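Since we're looking at a predicted model, the values are computed, not measured.
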Amino acid sequence: MDNIRELHSFHMSEEIRERMSAFIESTFGIRMPAAKKTLLEGRLSKRLRALHLSSFEAYYEFLMSEHGQEEEMIHFSDLVSTHKTDFFREKSHFDYLLATVLPGLHKDGAGTKRTLNVWSAAASTGEEVYTLAMVIDDFFIKNGIPNPQFSVLGTDISEHALHKALRAVYNERLAEPIPVEYRQRYLTRGTGEHEGLVRITPALRAHTRFRALNLMEDSYDLTESMDIIFLRNVLIYFEKPTQERIIQHLRASLSDDGWFFIGHSESIFGFHTGLTPVIPTVFRRGNG
């Protein structure tokens with residue numbers, strides 16, 4: 001019983017919540033209002049126990065220290081960010097890629113005369129990156145194009161999530177939204193102790209890469225222009241001025257006439273982004 005009481009003994013004062021929330025928003029752009037206090041307490045309690053700290057005050061002081069900034073931020077960023085993602089989430093976007101976006105880009109030489117560059121800017125554990133790679137590879141196969149040149153970049157604030165993405169190993173249940181044809185072509189099934197798991201094939205993984213990136217940074221330091229950028233279901237965690245600034249930074253990395261996708265529950269109406277709406281949640285780079 002003493003151990004049970006210990007597990008639930010951490011309490012976050014309103015003062016520390018406000019300071020912690022202000023730090024989270026200034027560093028990551030993520031809103032953490034009073035309504036999310038219980039969520040914040042639950043997630044950060046794991047770190048208090050791991051570090052043998054007795055209070056959120058002690059944890060905050062450690063986080064603000066030089067050692068904490070060097071060693072703890074990787075864990076802190078992982079706990080305060082959200083990693084909800086799925087294969088073929090919001091499938092209509094991928095249908096639109098196959099029907100409209102990829103044919104146009106291919107006509108202009110992307111994938112054959114030059115590399116087709118795609119960016120999943122909130123990649124989490126990789127499902128969106130590999131979905132994009134499957135769809136693009138399938139497009140080139142169906143059009144009889146051998147050895148296509150394409151690269152899908154996945155970035156995320158959480159290095160822990162990116163490690164999972166790099167492993168490319170998933171529970172077989174999570175792969176159910178993947179079409180059967182794609183599962184047969186792009187997944188290998190685990191056996192023995194790995195039964196129930198699947199892994200993305202090496203051939204498809206060769207078209208992907210991952211790196212840590214905080215969308216709150218002033219510059220994203222990409223060396224290539226992107227033909228397609230996916231920033232889906234992440235804007236909802238930011239305040240509107242931050243949303244607009246992030247999109248402007250992303251637009252700077254978008255090629256002329258490049259394509260930009262946001263989530264179906266999101267809107268950038270009224271923003272000055274230089275993006276022209278094509279259909280709901282899909283935009284192209286313009287001159288504005």
Side-chain angles (χ1 to χ4, degrees), residues 10 12 16-53 55-86 89 119-129 153-170 208-222 229-243 245-247 249-250 253 263 266:
F10 300 123
M12 183 180 292
I16 287 296
R17 186 205 66 77
E18 290 179 355
R19 292 165 70 183
M20 196 80 75
S21 297
F23 176 69
I24 292 168
E25 184 159 358
S26 65
T27 306
F28 308 120
I30 300 170
R31 293 174 292 175
M32 199 65 67
K36 293 188 176 182
K37 179 180 176 181
T38 301
L39 173 68
L40 192 60
E41 281 182 329
R43 290 186 177 183
L44 296 184
S45 290
K46 302 174 184 178
R47 294 305 299 159
L48 267 68
R49 286 191 282 272
L51 296 167
H52 305 290
L53 296 173
S55 68
F56 286 107
E57 286 80 3
Y59 179 72
Y60 183 78
E61 289 181 11
F62 171 64
L63 188 63
M64 294 300 106
S65 69
E66 183 178 351
H67 180 63
Q69 290 287 303
E70 292 177 353
E71 302 294 334
E72 183 61 18
M73 285 297 287
I74 185 173
H75 303 289
F76 185 71
S77 63
D78 184 56
L79 289 170
V80 302
S81 53
T82 301
H83 309 300
K84 169 62 178 172
T85 184
D86 299 293
R89 187 179 186 184
W119 182 9
S120 168
S124 187
T125 48
E127 286 90 331
E128 182 174 271
V129 169
L153 169 66
T155 63
D156 199 87
I157 195 172
S158 170
E159 294 189 27
H160 179 70
L162 291 174
H163 285 313
K164 289 185 177 181
L166 278 168
R167 287 187 65 231
V169 175
Y170 301 94
T208 66
R209 55 200 175 94
F210 296 90
R211 57 169 276 200
L213 185 143
N214 184 347
L215 291 171
M216 291 292 287
E217 294 174 11
D218 292 330
S219 174
Y220 297 156
D221 193 29
L222 297 187
I229 296 178
F230 269 49
L231 183 73
R232 304 189 308 162
N233 306 300
V234 67
L235 291 174
I236 55 175
Y237 299 106
F238 301 119
E239 296 286 355
K240 287 190 177 297
T242 304
Q243 293 176 1
R245 182 165 58 85
I246 288 171
I247 293 171
H249 284 333
L250 289 167
S253 297
E266 298 170 318

- Going through the checks in order, is the side-chain contact (heavy atoms from CB on, under 4.5 Å) test met by L215 and L231? CA-CA 11 Å; L215 291 171; L231 183 73; 3.9 Å; yes

- Message: With rounding to the nearest 0.5 angstrom, report the CG to CG distance, L79 to L40.
- Response: 9.5 Å

- Go through the steps to decide whether L162 and R211 satisfy the test side-chain contact (heavy atoms from CB on, under 4.5 Å), and finish with yes or no. CA-CA 7 Å; L162 291 174; R211 57 169 276 200; 5.8 Å; no

- Task: Give the minimum heavy-atom separation between A212 and E159, together with the two atoms involved.
- Result: CB-CG, 3.9 Å

- Taking only residues two or more places apart in sequence or in another chain, which ones pass salt bridge (Lys or Arg N to Asp or Glu O under 4.0 Å) with R47? E72

- Item | Nearest-0.5 Å distance that lies between atom CG in L53 and atom CG in L63 | 10.5 Å

- List in chain and number order the residues that pass ring-ring contact (aromatic ring centres under 6.0 Å, His included) with H249, two or more places apart in sequence or in another chain; answer none if no residue qualifies. Y220

- Item | Minimum side-chain heavy-atom gap L235-I247 below 4.5 Å | yes

- State which residues pass side chain to side chain donor-acceptor pair (under 3.5 Å) with T242; sequence neighbours excluded, sorted by chain then number. none

- Message: Donor-acceptor pair, distance only, cut-off 3.5 Å: does the side chain of S21 make one with the backbone of E18?
- Response: no

- Out of curiosity, F76 CZ to Y59 OH, how far, rounded to the nearest 0.5 Å? 5.5 Å

- For residues 55-69, which residue pairs qualify under salt bridge (charged side-chain N to carboxylate O under 4.0 Å, His left out), counting only residues two or more places apart or in two chains? none

- For the student: nearest non-hydrogen atoms of D156 and A122, plus distance: OD1-C, 3.7 Å

- For P241, the side-chain contact (heavy atoms from CB on, under 4.5 Å) test, sequence neighbours excluded, returns E239

- Query: Rounded to the nearest 0.5 Å, what separation is found between the NZ atom of K240 and the CD atom of Q243?
  - Reply: 5.5 Å

- Query: With sequence neighbours left out, what residues match R232 under salt bridge (Lys or Arg N to Asp or Glu O under 4.0 Å)?
  - Reply: E90, E128

- Note on the structure: For K37 and R17, the nearest pair of non-hydrogen atoms, with its separation, is CB-CD, 3.7 Å

- Task: Sequence neighbours left out, what passes salt bridge (Lys or Arg N to Asp or Glu O under 4.0 Å) with E127? Give chain and number order.
- Result: none

- Chi angles and distances behind the ring pair (Phe, Tyr, Trp, His ring centres under 6.0 Å) call for H163, F210: CA-CA 9 Å; H163 285 313; F210 296 90; over 10 Å; no

- Listed partners of A22 passing side-chain contact (heavy atoms from CB on, under 4.5 Å), at least two apart: none

- Message: Which residues pass the side chain to side chain donor-acceptor pair (under 3.5 Å) test with R245, not counting sequence neighbours?
- Response: none

- For the student: nearest non-hydrogen atoms of V129 and S120, plus distance: CG2-CB, 3.7 Å

- Message: So, using salt bridge (Lys or Arg N to Asp or Glu O under 4.0 Å) as the criterion, who are the partners of R19 when residues are at least two apart?
- Response: E15

- Please round to the nearest 0.5 Å and tell me the distance separating atom CZ of F62 and atom CD of E71. 7.5 Å

- Item | Residue list, side chain to side chain donor-acceptor pair (under 3.5 Å) with N214, at least two apart or on another chain | none

- Closest heavy-atom contact between M20 and F56? CE-O, 4.5 Å

- Message: Restricting to non-hydrogen atoms, name the atom on A121 and the atom on L250 that form the minimum distance, rounded to 0.1 Å.
- Response: CB-CD2, 4.1 Å

- Quick check: does any side chain N or O of S77 sit under 3.5 Å from a backbone N or O of I74, one acting as donor and the other as acceptor? yes

- Item | From CG (L48) to OG (S55), nearest 0.5 Å | 7.0 Å

- Note on the structure: Across all chains, not counting sequence neighbours, the side-chain contact (heavy atoms from CB on, under 4.5 Å) partners of S253 are W119, L222

